[in-house]
Amino acid sequence: MTDNQQKPSPTQQPQNNLRNPRSWVIPLLLLILMIWMLIPANWRRTEISYTEFRAHVENDNVAQVTVQGDQISGTLKSPGTKRVKKGEDVQYTEFETYLPSFGDEELMGLLESKNVVVNTKPTSDPWLWYGIISFLPLLLILGLVYAQTRRFQSQGGGIFSVGKSQARMYDRSEVETTFDDVAGAEGGKQELKEVVSFLREPEKIRDMGGEIPKGIMLAGYPGTGKTLLARAVAGEAGVPFFSITGSDFLEMFVGVGAKRVRNLFQDAKKEAPSIIFIDEIDAIARRRGAGLGGGHDEREQTLNQLLSELDGFEPNENVVVMTATNRPDILDPALSRPGRFDRKITVDLPTTADREQILDIYVRNKKLGDDVDLKALARGTPGFSGADLRNLLNEAALLAARHNREIIQWRDIEEARDKVMMGLQRHGLTMTEEEKRMVAYHESGHAIVGAALPHSDPVHKVSIIPRSQAMGATQQFPEQEQYIYRKEYMLDRLAVMMGGRCAETLVFGTSTSGAANDLQTATQLARSMVLEWGMSERFKYMAPGGQSKEVFLGEQLGKSREISERTAQEVDEEVEELLREAYERAMEVIRDKRWALDRLAEMLEEREEIAGEEVHEMLNTETTESD
Ligand code: ADP
Ligand code: MG
Ligand code: ZN
């Protein structure tokens with residue numbers, strides 16, 4: 001019943017639609033028909049004056065007339081001429097004219113006397129036209145509905161194809177992606193290699209007593225290459241890849257989702273060994289009976305169907321089901337029960353070395369200037385995902401193109417990174433001189449403290465160019481990837497965050513709203529130090545708020561471990577103490593380096609952006625001078 005022809009991937013659809021004559025021949029014919037009907041017959045006739053008509057009758061030159069209401073049309077015995085433009089005459093035998101509104105009582109007698117054949121038509125003829133005109137909108141609507149349905153069907157699972165298994169309800173493809181296209185993610189690749197060898201030779205593995213997980217869940221931040229990894233598994237194994245995205249299930253009517261799941265599994269089994277990949281499964285597999293918005297029938301049906309398909313798998317079916325999610329914390333626990341998605345692979349954000357490899361992949365098709373240092377870029381993009389890096393290089397290429405350069409230079413990359421990290425520059429935003437000065441001092445405060453304290457990351461850049469997310473910024477990047485952070489580092493970081501506020505207070509004797517974000521971030525960091533890392537005096541040996549390792553968004557909100565009210569109060573006191581100390585340390589540095597602070601602020605006001613090296617140099621010369 002099912003035909004398992006190669007289903008074109010959605011990206012090929014538009015071309016296919018044009019190439020397939022069935023999609024446009026019928027609408028075209030309809031159009032031609034309509035135009036034909038709309039051309040009135042009287043376009044073929046020449047309109048003449050009533051006087052001229054009377055003259056023709058009197059000259060016995062009229063063969064026949066047709067009278068319809070006040071319209072008179074007819075044929076001449078020998079052609080008449082009519083002057084259209086100067087020096088241009090047309091000949092005609094078919095004519096039409098109109099009876100004057102005051103009538104012409106003699107006309108009938110005249111016609112009879114000249115033996116003209118008189119036809120009459122009922123005046124109701126125009127009703128035909130009214131009919132067509134009033135049906136036109138209906139026709140148009142029908143046409144639109146028809147076109148829409150066709151589009152739905154070609155996208156998969158249209159309203160008329162519910163339950164028809166061959167409708168394109170998912171994407172089936174042969175994949176070329178391999179593990180070489182995925183940089184880093186070594187842990188995940190290692191685990192998935194096992195799956196690849198199983199898919200290549202299922203019998204062999206089984207004979208050796210090997211068991212392969214039916215369901216694999218890839219979990220990790222967005223853009224870390226989960227989808228890419230799943231495709232790479234299919235590519236490496238050379239098996240068909242049946243994929244669908246969680247949100248696809250939800251766009252159709254109730255019941256369709258469950259059917260799609262059934263068809264997906266059926267078809268994949270027929271082509272086994274194969275891979276089923278359900279991307280972004282959180283869209284359908286949220287914790288049931290909980291969450292915002294209450295129950296969602298369609299989602300629950302789809303999820304139930306999915307679970308029962310997973311359970312109904314025979315061990316010899318040679319189909320591996322993979323799924324990916326950014327939000328493992330909100331998934332229904334039923335999903336990860338043994339025999340379902342019981343193998344979880346966490347895909348981490350890339351490390352510095354991984355980032356360099358990813359950059360290497362995406363510069364292959366780009367021309368880079370000699371000044372581009374990918375190592376430095378990898379170091380300067382902590383927290384970037386693979387997708388972010390790709391996006392950054394793309395932005396850089398666009399910027400280079402905008403400046404009419406074919407080669408991407410370092411400054412394009414710098415600009416692109418700032419854009420990705422801090423949002424677009426806000427052109428046309430005018431700050432007053434005083435605001436600008438305040439921002440300059442605020443950022444200088446961060447930068448001076450950052451450059452002066454021994455354990456903090458080097459300052460990379462200070463900027464007071466207003467962007468969508470902040471009025472200014474001080475960037476610091478670590479010299480190398482760090483996996484363990486010492487308390488000294490944390491304390492210095494807190495002080496750097498306080499540096500902005502300190503400078504404001506010291507120089508202007510007031511506080512601004514610009515420090516809001518600094519204070520929030522600092523408070524969060526200080527809380528983690530007290531609650532999790534035992535870095536406060538009071539809780540040296542205890543983690544009052546033990547958190548699970550995966551700090552994916554969501555669940556942690558409002559669900560920290562129960563602590564007594566007294567402990568909670570003590571935690572708050574410790575957090576405050578850490579922040580106060582950080583503030584005082586920052587203030588000390590700034591008082592001490594007031595000279596550098598003033599100078600940097602001045603430079604910033606003038607140039608808006610200062611490289612971190614300049615700040616470091618400035619402080620170094622100052623120390624040697626004062627020695
Ligand atoms: P996810 O599914 O985890 O959100 P994707 O697999 O869709 O992320 O990744 C988006 C894009 O980012 C990929 O198509 C790829 O171009 C790029 N990318 C992400 N991670 C990597 C990586 N480790 N190696 C190479 N490219 C990557
Ligand atoms: Mg994805
Ligand atoms: Zn700040």
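In this chain, numbering begins with 1 at the start of the sequence shown.
- Among all heavy-atom pairs drawn from L392 and A416, the shortest one is O-CB, 3.6 Å.
- F241 is not listed as a side-chain neighbour of V233, based on a closest heavy-atom distance of 4.5 Å or more.
- When atom types are taken as modelled, the side chain of E406 and the backbone of K367 share no donor-acceptor pair closer than 3.5 angstrom.
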Exercise for review: Just do the side-chain contact (heavy atoms from CB on, under 4.5 Å) check on H460 and E414 with the steps written out, would you?
Suggested key: CA-CA 11 Å; H460 175 76; E414 277 270 321; 3.1 Å; yes
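- Contact check for N318 versus F198: side-chain heavy atoms found under the 4.5 Å cut-off.
- Here OG1 of T474 is found 12.0 Å from CE of M497. Values are rounded to the nearest 0.5 Å.
- For CG of D370, the number of neighbouring non-hydrogen atoms (other residues, nucleotides, ligands) closer than 6.0 Å is 12 at most.
- In this structure, T325 OG1 and L331 CG are separated by 4.5 Å, a value rounded to the nearest 0.5 Å.
- The OG1 atom of T351 sits 10.0 Å away from atom CD of E356, with the distance rounded to the nearest 0.5 Å.
- Distance alone, capped at 3.5 Å, places no donor-acceptor pair between the R343 side chain and the E191 backbone.
- Nearest heavy-atom pair, A185 versus L229, reported as atom, atom and distance to 0.1 Å: CB-CD1, 4.5 Å.
- Of all non-hydrogen atoms in L199 and A237, the two that sit nearest each other are CB-CB, 3.7 Å.
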Check your understanding: Is there a side-chain contact (heavy atoms from CB on, under 4.5 Å) between R390 and Y362 once you walk through the steps?
Key -> CA-CA 6 Å; R390 184 183 180 171; Y362 292 111; 3.8 Å; yes
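- With no hydrogens or angles considered, a side-chain donor-acceptor pair links E309 and Q305 at under 3.5 Å.
- Side-chain contact between E176 and D181: absent, with no pair of heavy atoms (C-beta onward) separated by less than 4.5 Å.
- For the pair R200 (side chain) and E236 (backbone), a donor-acceptor distance under 3.5 Å is present.
- Under the 4.5 Å side-chain criterion, counting only non-hydrogen atoms from C-beta, L192 is in contact with F179.
- The only member of V321, I278, L264, N263 that meets side-chain contact (heavy atoms from CB on, under 4.5 Å) when paired with F242 is L264.
- Here the CE atom belonging to M217 is positioned 4.5 Å from the CG atom belonging to L335, to the nearest 0.5 angstrom.
- Contact between F384 and R355 at its shortest, heavy atoms only, is O-CD, 4.2 Å.
- Residues F265 and V319 form no side-chain contact, since every pair of their non-hydrogen atoms from C-beta on lies 4.5 Å or further apart.
- Note that CD1 of I276 is 10.5 Å distant from CD1 of I244, once rounded to the nearest 0.5 Å.
- Between D282 and I330, the closest heavy-atom pair is CB-CD1, 4.0 Å.
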Review point. Going through the distances and angles, do I413 and V372 end up as a side-chain contact (heavy atoms from CB on, under 4.5 Å)?
Key: CA-CA 8 Å; I413 290 188; V372 174; 3.6 Å; yes
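- Proximity of K461 to D418: side-chain heavy atoms (C-beta onward) are separated by under 4.5 Å at one or more points.
- The minimum heavy-atom distance between A396 and I408, with the atom names listed, is CB-CG2, 3.9 Å.
- Looking only at side-chain heavy atoms (C-beta outward), T381 and D388 stay at 4.5 Å or farther from each other.
- Note: D371 CG to I407 CD1 = 10.0 Å, rounded to the nearest 0.5 Å.
- Within the 3.5 Å criterion, the main-chain N or O of N391 finds no donor-acceptor partner in the side chain of N394.
- Crowding of K193 atom NZ: a count of heavy atoms from other residues, nucleotides or ligands under 6.0 Å exceeding 12.
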Practice item. Could you go through the side-chain contact (heavy atoms from CB on, under 4.5 Å) check for D354 and D348 one step at a time? Key: CA-CA 10 Å; D354 294 344; D348 291 315; over 6 Å; no
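- With respect to the salt-bridge test (charged N to carboxylate O, under 4.0 angstrom), the residues D412 and R405 qualify.
- K344 places no side-chain N or O within donor-acceptor distance of the main-chain N or O of P328, the cut-off being under 3.5 Å.
- Q409 contributes no side-chain N or O that, together with a main-chain N or O of G369, makes up a donor-acceptor pair within less than 3.5 Å.
- For the pair N517/Q520, a side-chain contact is recorded, criterion being any heavy-atom separation below 4.5 Å from C-beta on.
- Not one N or O on the side chain of K226 forms a donor-acceptor pair closer than 3.5 Å with the backbone of T323.
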